[in-house]
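Start at 1 and go down the list; that is how both ligands and their atoms are numbered.
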Amino acid sequence: MKIGRGAAIVAQQFHTTELTGKNILITLGASVEAIDPVRYISNHSSGKMGMALVNNCIELGAQVTCIYAKIQTELNQRASNIQALSAKKMHKAVMENIAEQDIFISCAAVADFSPENIAKDKIKKNADDLKLILKPNPDILQDVCKLTKKPLTIGFAAETKNPLENAQIKLKNKGCDVIILNDVSGADFGLNVDENEVTFLSQNYQQKIAKTSKQKIAKKILEIFIRKFL
Ligand code: PMT
């Protein structure tokens with residue numbers, strides 16, 4: 001039987017998928033920590049892995065809030081998009097929006113430290129060396145995990161050494177439900193490229209997802225997460 005376009009749109013509205021009715025907050029991109037009005041400390045995250053998760057969550061029916069820092073990828077206009085460049089601003093934006101979330105995915109590459117003071121004017125080259133004092137930033141993922149009404153949480157662990165061991169420590173110390181181990185020691189997957197290779201880790205489950213596009217990695221992460229947690 002053939003159905004008209006109007007009927008197809010109505011059918012689509014009533015079509016439920018695995019994440020229909022779920023609110024998901026996703027952070028992504030590279031945090032930017034100002035040194036002075038011109039310079040900053042940041043990293044190589046492009047936001048592509050996080051955006052692949054945003055796109056896949058939307059396809060699966062979720063309402064997505066996307067809190068992004070510095071990114072080199074297109075925003076999805078079907079998400080509610082909020083820019084927060086520094087770790088402190090991202091922490092504030094996440095905490096202001098977390099109450100209504102069912103799931104929190106922390107894919108942003110957030111600086112662990114930022115300059116204690118941001119110089120008001122451009123720092124002049126009038127000394128042989130320049131000492132910057134860095135102070136720890138709030139840990140957004142850890143603070144979300146400490147909430148009494150905590151959403152399900154997926155963190156990432158970007159590692160270059162002893163990846164599995166370090167990711168397991170992060171899973172335990174941050175208190176999240178899942179850690180996605182992302183070995184970023186090579187140049188052909190991970191940071192600022194289109195492909196990735198990760199390991200899904202929870203307290204009693206581990207699964208490697210072989211190298212493929214970030215869109216497919218995101219799909220697979222969500223498939224496992226839905227099967228194990230929802
Ligand atoms: O953006 P792409 O170019 O696509 O690259 C993707 C990626 C490699 C950046 C991504 O897959 C990834 O691994 N993101 C996490 C990077 C990171 O900061 O990892 P971490 O091991 O330092 O942090 C562990 C977890 O704590 C992460 O979920 C991080 O978002 C979170 N965190 C860290 C520090 C902090 N102050 N607050 C946090 O919430």
Side-chain angles (χ1 to χ4, degrees), residues 25-33 41-56 66-75 84-95 97-98 103-114 134-147 150-202 209 211-218 220-222:
L25 195 159
I26 304 178
T27 64
L28 53 118
S31 67
V32 172
E33 306 298 339
I41 298 170
S42 191
N43 60 69
H44 298 296
S45 170
S46 62
K48 287 179 185 174
M49 188 64 242
M51 198 53 75
L53 285 157
V54 168
N55 297 338
N56 275 272
C66 164
I67 299 185
Y68 64 99
K70 183 164 69 70
I71 56 171
Q72 295 165 57
T73 183
E74 292 257 313
L75 288 171
L85 280 177
S86 68
K88 288 189 186 90
K89 284 192 176 143
M90 185 173 275
H91 184 272
K92 184 168 180 282
V94 168
M95 291 306 164
N97 286 278
I98 202 69
I103 300 165
F104 174 56
I105 306 179
S106 186
C107 192
V110 188
D112 289 321
F113 295 88
S114 56
L134 303 177
K135 291 283 184 187
N137 279 326
D139 190 315
I140 306 164
L141 176 60
Q142 202 164 42
D143 286 354
V144 169
C145 292
K146 281 187 198 150
L147 294 171
K150 159 192 165 299
L152 285 164
T153 47
I154 304 179
F156 274 71
E159 303 295 342
T160 56
K161 206 174 160 195
N162 304 329
L164 196 55
E165 194 185 324
N166 283 325
Q168 265 152 352
I169 293 171
K170 275 182 190 158
L171 178 70
K172 188 160 171 267
N173 289 352
K174 303 227 180 202
C176 46
D177 300 288
V178 173
I179 275 280
I180 305 299
L181 161 58
N182 204 156
D183 186 334
V184 289
S185 57
D188 56 343
F189 56 81
L191 285 161
N192 200 12
V193 286
D194 293 331
E195 293 195 311
N196 211 355
E197 180 179 292
V198 301
T199 302
F200 183 107
L201 281 175
S202 64
I209 309 174
K211 187 176 161 193
T212 184
S213 70
K214 286 184 175 170
Q215 289 297 331
K216 287 190 182 145
I217 295 275
K220 193 72 200 165
I221 290 171
L222 294 171

Practice problem: Just grab all the salt bridge (charged side-chain N to carboxylate O under 4.0 Å, His left out) pairs involving residues 152-166, residues at least two apart or on different chains. | Solution: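 For residues 152-166, and leaving out neighbouring residues, the salt bridge (charged side-chain N to carboxylate O under 4.0 Å, His left out) pairs sorted by first residue read Glu159-Lys170.
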
Quiz item: Can you pull the salt bridge (charged side-chain N to carboxylate O under 4.0 Å, His left out) pairs that have at least one residue in residues 178-187, sequence neighbours excluded?
Solution: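 Residue pairs with at least one partner in residues 178-187: there are none.
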
Quiz item: Of all residues at least two apart in sequence or in a different chain, which pass the side-chain hydrogen bond (donor to acceptor under 3.5 Å, both in side chains) check with Asp177?
Solution: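 Partners of Asp177 under the side-chain hydrogen bond (donor to acceptor under 3.5 Å, both in side chains) test: Lys150, Thr153.
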
Quiz item: Can you tell which of Thr212, Asp188, Asn182 makes a side-chain hydrogen bond (donor to acceptor under 3.5 Å, both in side chains) with Asn196?
Solution: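 Testing Asn196 for a side-chain hydrogen bond (donor to acceptor under 3.5 Å, both in side chains) against Thr212, Asp188, Asn182 leaves exactly one candidate, Asn182.
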
Practice problem: Quick one, list the residues around ligand 1 where some non-hydrogen atom comes in under 4.0 Å, by chain and residue number. | Solution: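 Answer by chain and number: Ser45, Ser46, Gly47, Lys48, Met49, Ser106, Cys107, Ala108, Ala109, Val110, Ala111, Asp112, Pro138, Asp139, Ile140, Leu141, Gly155, Phe156, Ala157, Ala158, Lys170, Lys174, Asn182, Val184, Gly190, Leu191, Asn192, Lys214.
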
Practice problem: Mind checking the CD1-CG spacing from Ile154 to Leu53? Nearest 0.5 Å is all I need. | Solution: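 Output value for this atom pair is 7.5 Å.
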
Quiz item: Would you say Lys88's side chain and Glu33's backbone share a donor-acceptor pair under 3.5 angstrom?
Solution: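 No, the answer is negative, given that no donor and acceptor are paired below the 3.5 Å cut-off.
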
